Amino acid sequence: MKLLVINPGSTSTKISVFDEYKEVFEESVFHDAPVLLQFPHVNGQVPFRKQVIIDILKKHGFTPSDIDVYVGRGGGAHPQRTGVTYIDETLYKDTLDGVGGSEHAAKLGVLLAYEMCREYGGEMYTLNPTNIDEYNDYARLTGIKGVYRNAQAHPLNQKAIAEKHAESMGRRYEECNFVVAHIDGGITINAHYHGRMTDGNVGAGGDGAFTPTRIGSVPVLPLLDYIEEHSVQEVRTMCSRSGGFVSFFGTSDAKVVHRLVEEGDPKAVLVWNTMVYQCCKQIGAMSTVLEGKVDGILLTGGLVRYADIVEGITRRCGWIAPISVYPGEMEQQAMAYSVLKVLHGQAEAIRYPGKPVWEGFPFIDD
């Protein structure tokens, strides 16, 4: 049984083909921000990304007709609960419409899996989309009635890393407290309390550290001044696609920016180190959510391959808890292995309910 794992990110398209539990190949294609910004809406990237996938498959001697099961990264539909989920027409439509409010490339995984499966045949699933919602109630409320913080992170990779680290400690993920920082094109840093991501920054929503493609947290009044001279849509795009490095340097390529850092460029040094500084602030905040009872700080994502990022976080946060580094991510394997357990009857997939897992506070909203 051959599985195609489709993992679109804010700066890349990564795919893998698995023959049962054996990974036949994995390949990732980088897309710089100016390329993707040619598409006004993320949905418009579907034909472009589909052709990238077909070209990669062809390069490795496969066609879509060789695939039995499509597994796509997800996001954009209503907030969901953790686990393997069937991709059906309702999930496809809600993802396409972005009813969950997130405009992130991860949603393309579901869209591509659905469209390719419908065209070539097979089965289709997703696992732990970007809007898995396990927040505690204190993490939801803002100072504006009816405006809530929504869960937007990297649960697919964060949970896989946390489970792996707990296993290395001889413990279960559900017994541990971790702060997990996914640091890449997007940055999300979350408190994991006994197997649940109970708080964290809203990754693609203008919250937390700025990133290669995102603005991060910006004070509201200066942001309103900015909008007066620009547009709401421009700021929406900057939240997930054209902020951060793109705003400062016109590129989301961390290699380009870090090369400038190594050359001593003062602008690059300031921007790069500020990003690291903001990551540290978020890690500290999440440690207080866990009341200081932190079994480990886990750093993952592509950017933790840079030693200066790890050193900067260790210097500021190493006193909180032991720091462990997992460069890159485990998303491909997590998606394939979790779906294979379903296919072999060792686990059950869930159905997308077509509504959020949390629907407000009646005593406030009524």
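Quick caveat: nothing in here was measured; it's all calculated off a predicted structure.
Taking both residues in full, the closest heavy atoms of N190 and A153 are given as OD1-CB, 3.6 Å, listed atom of the first, atom of the second, then distance. The nearest pair of heavy atoms linking A349 to Y86 is CB-CE1, 3.5 Å. The two residues V246 and A33 make their nearest non-hydrogen contact at CG2-CB, 3.5 Å. Scanning both residues, P356 and E359, for their nearest heavy atoms gives O-CG, 3.7 Å. Of all heavy-atom pairs spanning A166 and C176, the tightest one is CB-SG, 4.0 Å. Nearest heavy atoms, V179 versus S287: CG2-N, 4.0 Å.
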Stepwise, does the side chain to side chain donor-acceptor pair (under 3.5 Å) test hold for E20 with H344? CA-CA 10 Å; E20 289 287 327; H344 292 310; 2.7 Å; yes

Yes or no on side chain to side chain donor-acceptor pair (under 3.5 Å) for H154 and D184, after CA distance, side-chain angles and deciding distance? CA-CA 10 Å; H154 296 87; D184 209 342; over 6 Å; no

Give the C-alpha distance, both sets of side-chain angles, the deciding distance and a yes or no for side chain to side chain contact (heavy atoms under 4.5 Å, CB included) between L57 and T63. CA-CA 6 Å; L57 286 173; T63 70; over 6 Å; no

Please report the C-alpha distance between V256 and F245 in whole Å, then the side-chain angles of each, then the deciding distance to 0.1 Å, and finally whether the side chain to side chain contact (heavy atoms under 4.5 Å, CB included) criterion is met. CA-CA 10 Å; V256 172; F245 289 179; over 6 Å; no

N131/Q80 under side chain to side chain contact (heavy atoms under 4.5 Å, CB included): CA gap, chis, key distance, verdict: CA-CA 6 Å; N131 55 349; Q80 298 167 238; 4.1 Å; yes

Begin from the C-alpha positions of Y306 and K255 and carry the test side chain to side chain contact (heavy atoms under 4.5 Å, CB included) through to its verdict. CA-CA 10 Å; Y306 291 100; K255 294 178 183 177; 3.5 Å; yes

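M124 and L112 fall within the same hydrophobic cluster, where Ile, Leu, Val, Met, Phe, Trp and Tyr residues are linked whenever their side-chain heavy atoms come under 4.5 Å apart, directly or through other members. In the hydrophobic clustering of ILVMFWY residues, with side-chain heavy atoms under 4.5 Å counting as a link, M1 and I67 come out apart. A continuous path of Ile, Leu, Val, Met, Phe, Trp and Tyr side chains, each step under 4.5 Å between heavy atoms, connects F48 with Y114, placing both in one hydrophobic cluster. Linking ILVMFWY residues whenever their side-chain heavy atoms come closer than 4.5 Å, directly or via other members, leaves Y92 and Y125 in distinct clusters. Cluster annotation: V52 and M116 are assigned to the same hydrophobic cluster (Ile/Leu/Val/Met/Phe/Trp/Tyr, side-chain heavy-atom contacts under 4.5 Å, transitive).
Heavy-atom contacts from other residues, nucleotides or ligands closer than 6.0 Å to CZ of R171 number more than 12. By the neighbour-count criterion of 12 heavy atoms within 6.0 Å, atom OH of Y193 is sparsely surrounded, having that number or fewer from other residues, nucleotides or ligands. R149 CZ: more than 12 foreign heavy atoms inside a 6.0 Å radius. Around the OH atom of Y277, the shell of radius 6.0 Å holds no more than 12 heavy atoms that belong to other residues, nucleotides or ligands. When the shell of 6.0 Å around NZ of K355 is examined, it contains 12 or fewer heavy atoms from other residues, nucleotides or ligands. In Q51, the CD atom is crowded: over 12 heavy atoms of neighbouring residues, nucleotides or ligands sit closer than 6.0 Å.
Formation of a donor-acceptor pair under 3.5 Å by the Q333 side chain with backbone atoms of M330 is not found in this model. Side chain of S16 to main chain of V5: no donor-acceptor pair is present (N/O by atom type, distance under 3.5 Å, no hydrogens or angles). Under the 3.5 Å distance criterion, the side-chain polar atoms of K159 are matched with a main-chain donor or acceptor of G195. Side-chain atoms of R73 never come within 3.5 Å of backbone atoms of A106 as a donor-acceptor pair (strictly under, hydrogens ignored). The main-chain N or O of A151 is never found under 3.5 Å from a side-chain atom of D133 such that the two would form a donor-acceptor pair. With hydrogens and angles disregarded, a donor-acceptor distance shorter than 3.5 Å links the side chain of R241 to the backbone of L36. One N or O on the side chain of D207 and one on the backbone of V202 form a donor-acceptor pair closer than 3.5 Å. Between the side chain of S240 and the backbone N or O of E103 there is at least one donor-acceptor pair closer than 3.5 Å. For Q158 (side chain) and T188 (main-chain N/O), a donor-acceptor pair under 3.5 Å exists by modelled atom type. Looking only at distances, no side-chain donor or acceptor of N177 sits under 3.5 Å from a matching main-chain atom of D295.
Here the OG1-NE2 distance, from T300 to H165, works out to 12.0 Å after rounding to the nearest 0.5 Å. Atom OG1 of T198 and atom OH of Y138 lie 12.5 Å apart (nearest 0.5 Å). Rounding to the nearest 0.5 Å gives a distance of 10.0 Å between OG1 of T211 and CG of N201. Here T126 contributes atom OG1 and K107 contributes atom NZ; the two are 13.5 Å apart, rounded to the nearest 0.5 Å. Atom CG of L111 sits about 12.0 Å away from atom NZ of K50, to the nearest 0.5 Å. Taking OG1 from T85 and CG from L91, the interatomic distance works out to 7.0 Å, rounded to the nearest 0.5 Å.
Under the 4.5 Å side-chain criterion, counting only non-hydrogen atoms from C-beta, V69 is in contact with L343. Annotation: side chain of T90 is not in contact with side chain of K93 (no heavy-atom distance under 4.5 Å). I187 has its side chain out of reach of R214: every pair of non-hydrogen atoms, C-beta onward, lies at least 4.5 Å apart. Between L37 and T213 there is no side-chain heavy-atom pair separated by less than 4.5 Å. The side-chain heavy atoms of Y352 and D94, taken from C-beta on, include a pair separated by under 4.5 Å. Using a 4.5 Å heavy-atom cutoff, the side chains of E234 and Y226 are in contact. A 4.5 Å side-chain heavy-atom check between L4 and I53 finds at least one atom pair inside the cut-off. Between L303 and M275 the shortest side-chain heavy-atom distance falls below 4.5 Å.
Cation-pi contact between R140 and Y148: absent, since separation from the ring centre below 6.0 Å together with deviation from the ring axis within 45° is not met.
Taking the six-membered ring where the residue is Trp, F361 and F363 present tilted rings, their angle falling between 30° and 60°.
A salt bridge links E27 with K59: the closest approach of a Lys/Arg side-chain nitrogen to an acidic carboxylate oxygen falls below 4.0 angstrom.
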